[in-house]
Amino acid sequence: MDLGLKGKCALVTAASRGLGRASALALAAEGAKVAVAGRDAKVLDELVQELRAVGASDAMAVRMDLARHETLRPSVDAVAEKFGGLDIFLGNTGGPASGSFLSVSREAWETAIHEILLPLVDLSRAVLPHMQAAGGGRIMFVTTVGVKMVQPNMVLSDSLRLAIVGLAKSLSIEFAHENIMVNCLCPGPFATDRMEDLIVASMERDGLSRSDAEAVWLDEVPARKFGDPGDFGAIVATLASSRGGFITGTAIALDGGKSRAY
Ligand code: NAD
């Protein structure tokens, strides 16, 4: 199936590894122009070479720390200028610290709000005018399956991600008539560095063996396996395409059956 993404202009944030990286590669493989944003210039430069190698029409690296809000709009404008527009925005971020409610400090809440919630607000404000000018676009936010099924020790992530779902749903009703579709992707456990960090955190916090710590994440997953980031990227590419033109305001679980939510 040709997704019709050749030459479409995409920005992926927090793209240097994990789900962001896999999504950038999937968009590139469909022939899109892909800008990858993140903090590590060397990693991003190498990724740009990979994006070109798999078929990107064009590719660029954008130095971006999501916590530096004043830099976000200029970065978006620079991508749109170089690519000649902006059609697709995958709003990915790092994940916040795990832990129970009383173990999470107020400062950690403030940091998470600054690094996870507010950047997606600022970036959306910056990308929307470009999509309006282009006559359409796709915005996707990476959240968590925790928006459908609250998870132990994930109070920061699950709380803030529900705000992001609210943001996406609000944008969906404001912009669908302009062919701008806005959705959330809600990953369950995927095999990324973030998942590795979470497994190690449960081993240290709860004194678990590695297999017991993995079981904490897999026991509730009927598929009994960690997700493949490449499969996540394929769904991003499909939603980003014209095939995603009648899907908006949804929060789509990619979770091996974990949430069983409607
Ligand atoms: P990851 O930790 O492997 O990658 C996160 C990326 O975010 C890294 O490239 C990191 O450098 C970048 N990043 C962090 N803070 C940043 C900042 N201030 N500015 C710019 N870049 C920054 O994570 P992942 O597993 O790919 O997950 C991506 C998102 O999906 C996270 O928000 C995570 O909470 C969420 N998620 C992941 C899983 C999973 O199983 N992997 C499950 C549920 C939710």
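Source: prediction; values computed, not measured. As the structure lists them, so they are numbered: ligands from 1, and atoms in each ligand from 1.
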Can you say whether the rings of H114 and H69 are parallel (under 30°), tilted (30 to 60°) or perpendicular (over 60°)?
parallel
Partners of R63 by side-chain contact (heavy atoms from CB on, under 4.5 Å), sequence neighbours excluded?
A41
Note every protein N or O atom lying under 3.5 Å from an N or O atom of ligand 1, pairing the names and giving the distance.
unit_1	atom_1	unit_2	atom_2	d
ligand 1	2 (O)	R17	NE	3.4
ligand 1	2 (O)	R17	NH2	2.7
ligand 1	3 (O)	R17	NE	3.1
ligand 1	3 (O)	R194	N	3.3
ligand 1	4 (O)	R17	NE	3.4
ligand 1	9 (O)	S16	OG	2.7
ligand 1	11 (O)	R39	NH2	3.2
ligand 1	13 (N)	R39	NH2	3.4
ligand 1	15 (N)	R39	NH2	3.4
ligand 1	18 (N)	D65	OD1	3.0
ligand 1	19 (N)	L66	N	2.9
ligand 1	25 (O)	T192	OG1	2.4
ligand 1	26 (O)	L19	N	2.7
ligand 1	32 (O)	T93	O	2.9
ligand 1	32 (O)	G94	O	3.2
ligand 1	32 (O)	R161	NH2	2.4
ligand 1	34 (O)	R161	NH1	3.3
ligand 1	34 (O)	R161	NH2	3.1
ligand 1	34 (O)	R194	NE	3.4
ligand 1	40 (O)	G188	O	3.1
ligand 1	40 (O)	F190	N	2.7
ligand 1	40 (O)	F190	O	3.4
ligand 1	41 (N)	T192	OG1	3.0

Can a donor-acceptor pair be found between the side chains of D206 and S202 at a distance below 3.5 Å?
no
What residues form a salt bridge (Lys or Arg N to Asp or Glu O under 4.0 Å) with R39, not counting sequence neighbours?
none
Just jot down the salt bridge (Lys or Arg N to Asp or Glu O under 4.0 Å) partners of E174, sequence neighbours excluded, or say none.
none
Residues D77 and R125 bridged, charged N to O under 4.0 Å:
no
